[in-house]
Chemist: 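Dropping a structure here in structure tokens format, bear with me for questions.
Computed from a prediction, not measured in an experiment: that's the story for all the values here.
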Amino acid sequence: IRIMITRRALLGFIAVASISPAVAADHPSVAFMRRFGKDMLAAHRIGTVGKFASVIEAYADVAGISNYSLGQYKPNLRANQRSRYYQGVVTFMSRYFAEQSREYRVAKYEIGEASVDQNKDVIIASKVFLLSGQTYNVRWKLKWTGGTYKVADVKVLGFSLTYLQRGLFTSYISKRKGDVSQLVAALTR
């Protein structure tokens with residue numbers, strides 16, 4: 001399956017790649033973002049699918065993002081397909097980031113303060129400065145799960161990366177009469 005994510009969404013995911021330790025509130029989620037940023041920057045520099053996959057597996061809420069991405073078709077995912085599907089989602093995101101990351105040269109990043117939303121998720125504001133002079137405001141949504149924070153979503157220019165992925169996946173499944181197994185097969189080829 002070849003599904004394209006917008007360049008702005010990619011910028012959002014890459015945005016945290018070089019977090020300045022001097023800029024941020026004292027919320028524990030900021031320390032998580034610093035570690036994520038360091039590892040994401042290393043993945044960006046190496047540019048391989050495998051390196052991006054290791055960062056996504058370590059820092060993203062893969063199960064949450066994967067389940068959300070199925071939308072109304074989530075009940076169609078069989079239990080024996082779940083781990084294969086989750087790995088396919090990691091590979092899907094990793095392939096795209098590896099292919100596209102070289103197009104964006106970032107001059108610097110800044111992390112803003114952490115806040116907590118009505119669902120008790122942490123929202124962290126950041127800003128990306130490209131070498132071209134363009135800047136983007138990026139908002140990260142972190143969930144506390146399994147005793148740690150995990151990246152649950154990222155918004156660039158108001159567009160949610162998980163929402164975009166959900167649209168791509170549900171459209172793909174819809175065209176196949178709700179057969180989730182075809183998406184799983186496409187993601188894991």
Chemist: Which heavy-atom pair separates A185 from R84 by the least distance, and what is that distance?
Modeler: CA-NH2, 3.8 Å
Chemist: Taking the side chain as every heavy atom from C-beta outward, state whether K155 and K141 have any pair of such atoms under 4.5 Å apart.
Modeler: no
Chemist: Look up atom CZ in F52 and atom CZ in F97, then write down how far apart they are to the nearest 0.5 Å.
Modeler: 7.5 Å
Chemist: Between L187 and V89, is the side chain to side chain contact (heavy atoms under 4.5 Å, CB included) condition met? List the steps.
Modeler: CA-CA 7 Å; L187 291 172; V89 171; 4.2 Å; yes
Chemist: Determine whether the side chains of N67 and Y86 contain a donor N or O and an acceptor N or O closer than 3.5 Å.
Modeler: yes
Chemist: Are N76 and D179 side-chain neighbours, meaning at least one heavy-atom pair lies under 4.5 Å?
Modeler: no
Chemist: Provide the closest heavy-atom pair for T170 versus Y73 in the form atom of the first, atom of the second, distance.
Modeler: O-CE1, 3.6 Å
Chemist: Is there a donor-acceptor pair closer than 3.5 Å between any side-chain N or O of S54 and the backbone N or O of K51?
Modeler: yes
Chemist: Quick check against the 3.5 Å criterion: does D153 have a side-chain atom that pairs as donor or acceptor with the backbone of T162?
Modeler: yes
Chemist: Is it true that the NZ or CZ of R176 lies under 6.0 Å from the centre of Y172's six-membered ring and within 45 degrees of the ring axis?
Modeler: yes
Chemist: With the side chain counted from C-beta on, respond yes when T188 and Q87 share a heavy-atom pair under 4.5 Å apart, and no when they do not.
Modeler: no
Chemist: Between S181 and Q81, what is the shortest heavy-atom contact and its length?
Modeler: CB-NE2, 3.1 Å
Chemist: On a heavy-atom basis, which atom in A60 and which in I65 lie closest, and how many Å separate them?
Modeler: CB-CD1, 4.3 Å
Chemist: So how far is it from I123 CD1 to L142 CG, rounded to the nearest 0.5 Å?
Modeler: 7.5 Å
Chemist: Going by heavy atoms in the side chains, are W140 and F36 under 4.5 Å from each other?
Modeler: yes
Chemist: What about V154 and W144, same hydrophobic cluster or not, with Ile/Leu/Val/Met/Phe/Trp/Tyr joined at side-chain heavy-atom distances under 4.5 Å?
Modeler: yes
Chemist: Using 0.5 Å steps for rounding, measure from the CG atom of L168 to the CD1 atom of I173.
Modeler: 11.0 Å
Chemist: Tell me, do S29 and I124 make a side-chain contact under 4.5 Å, heavy atoms counted?
Modeler: yes
Chemist: Any side-chain heavy atom of V151 within less than 4.5 Å of one from F32?
Modeler: yes
Chemist: Is there side-chain contact between Q165 and Y68, with at least one heavy-atom pair below 4.5 Å?
Modeler: no
Chemist: What closest approach, in Å, do T48 and A98 show between heavy atoms, and which atom pair accounts for it?
Modeler: C-CB, 3.9 Å
Chemist: Look up atom CG in L183 and atom OG in S174, then write down how far apart they are to the nearest 0.5 Å.
Modeler: 12.5 Å
Chemist: For residues K150 and T148, determine if any side-chain heavy atom of one lies less than 4.5 Å from a side-chain heavy atom of the other.
Modeler: yes
Chemist: How close do Y85 and S69 get, heavy atom to heavy atom, and via which atoms?
Modeler: OH-CB, 3.8 Å
Chemist: Hydrophobic cluster membership, with links at side-chain heavy-atom distances under 4.5 Å among I/L/V/M/F/W/Y: are V138 and L157 in one?
Modeler: yes
Chemist: Could you check whether any side-chain N or O of N119 sits under 3.5 Å from a backbone N or O of D121, counting only pairs where one atom can act as donor and the other as acceptor?
Modeler: no
Chemist: How many angstroms lie between CZ in R95 and CE in M93, if you round to the nearest 0.5 Å?
Modeler: 12.5 Å
Chemist: Distance from I56 atom CD1 to M40 atom CE, nearest 0.5 Å?
Modeler: 6.5 Å
